[in-house]
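As the structure lists them, so they are numbered: ligands from 1, and atoms in each ligand from 1.
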Amino acid sequence: MASKSLLPEINIERLPKHVAIIMDGNGRWAKKRALPRVVGHEYGVKSVRTVTEAAASLGVKYLTLYTFSTENWNRPKLEVTAIMTLLVRTIRKEVATLQKNNIRLRTIGDIKGLPTDAYNELLEAMKLTENNTQMDLILAINYSARWDIIQATKAIAQRVKSGELEVEQINETEISNALDTGHFPEPELLIRTSGEYRISNFMLWEMAYGEFYFTDAYWPEFDKESFYKAIIDYQKRERRFGKTSEQITDHHNA
Ligand code: IPE
Ligand code: IPE
Ligand code: MG
């Protein structure tokens with residue numbers, strides 16, 4: 001591989017504020033090497049560390065990692081247990097690195113539905129890092145976009161029922177704020193690894209105008225340079241939000 005870094009090609013003035021990643025392909029990465037799937041997840045943690053540090057040092061403000069979906073409970077029990085154990089172990093081990101890099105840990109998803117030790121570990125790490133300001137690392141755990149839309153709908157319905165909100169006041173802002181992702185700006189860029197071209201129940205509302213970037217690399221192979229490459233690709237795109245290209249590039253037509 002060429003040793004020249006892509007870093008100088010990144011325009012720091014035009015970074016996405018929020019990058020989200022569907023970290024996929026741990027199992028296939030392991031299978032290709034005749035290793036158990038769990039080993040793939042362990043190597044996936046290395047990529048988490050690398051990409052988190054790369055994003056934070058670039059100046060990305062929010063990094064969301066799709067860690068465990070509501071659908072992932074349907075995997076073999078042994079794999080689910082192994083992922084949960086790895087989660088606890090990783091958070092315990094990495095919290096010092098988060099502190100060192102001034103990164104605040106957050107989550108989206110129904111974390112109350114996690115095994116107690118995983119839940120407690122997450123709460124503790126979030127508490128410890130709550131005053132950090134360089135970047136928010138948001139783990140989507142026991143998350144799915146439809147789960148989030150349902151819980152947001154229930155919360156809004158409750159407010160209407162109690163008379164706090166009129167039906168006519170329900171708008172995009174109210175819905176965005178009621179979602180678990182409501183604390184964060186919407187991702188401008190969503191990366192999916194492993195050559196799959198689907199969204200797998202992730203950020204269905206938030207990605208209404210987000211940019212997609214797909215790569216064939218399995219998640220354990222995804223490194224700093226792969227991340228830079230995705231950012232550079234994103235920066236070449238023209239985001240039109242329904243307008244014409246002329247309106248975007250020529251301000252007299254706007
Ligand atoms: C992503 O890798 C990790 C999780 C979904 C937890 P996979 O485990 O889905 O890997 P593949 O898709 O089977 O290769
Ligand atoms: C999506 O990956 C979920 C996470 C990365 C946590 P999956 O591997 O579960 O997605 P599908 O089921 O193949 O679409
Ligand atoms: Mg997968």
## Note on the structure
atom 2 (O) of ligand 2 has as its nearest protein heavy atom Arg192 NH2, 3.8 Å

### Task
Describe, in one word, how the ring planes of Phe184 and His18 are oriented to each other, choosing from parallel (under 30°), tilted (30 to 60°) and perpendicular (over 60°).
perpendicular

### Query
Polar-atom distance check: Thr67 versus ligand 2, any N or O pair below 3.5 Å?
no

### Query
Could an N or O of ligand 2 be found under 3.5 Å from any N or O of Asp24, whether backbone or side chain?
yes

### Query
With atoms numbered from 1 as shown, which atoms in ligand 1 lie under 4.0 angstrom from a non-hydrogen atom of Arg28?
11 (P), 12 (O), 14 (O)

### Query
Going by an N to O cut-off under 4.0 Å, is there a salt bridge joining Lys127 and Glu130?
yes

### Query
Quick check: does Phe68 get an N/O under 3.5 Å from an N/O on ligand 1?
no

### Summary
Note: Arg198, heavy atoms under 4.0 Å from ligand 2, region reported as side chain

### Message
With respect to Arg37, determine whether any N or O atom, backbone or side chain, lies less than 3.5 Å from an N or O atom of ligand 1.
### Response
yes

#### Entry: Inter-residue atom distance Tyr143.OH - Glu71.CD, 0.5 Å rounding
10.5 Å

### Message
Among all the protein's heavy atoms, is there at least one whose distance to atom 12 (O) of ligand 2 comes out below 4.0 Å?
### Response
no

### Message
For ligand 2, which is the ligand I care about here, please tell me if Ser69 has any N or O atom under 3.5 Å from one of the ligand's N or O atoms.
### Response
no

#### Entry: Taking atom 9 (O) of ligand 2 as the reference point, the nearest protein heavy atom with its distance
Asn72 ND2, 2.9 Å

### Query
Got the closest protein heavy atom to atom 6 (C) of ligand 2, with its distance?
Tyr66 O, 3.3 Å

### Task
State whether the shortest distance between N or O atoms of Asn26 and N or O atoms of ligand 1 falls below 3.5 angstrom.
yes

### Message
Can you count the protein N/O/S atoms lying under 2.8 Å from the Mg ion (ligand 3), leaving waters out?
### Response
1

### Task
Distance to 0.1 Å, residue and atom name: give those for the protein heavy atom nearest to atom 7 (P) of ligand 2.
Arg75 NH2, 3.8 Å

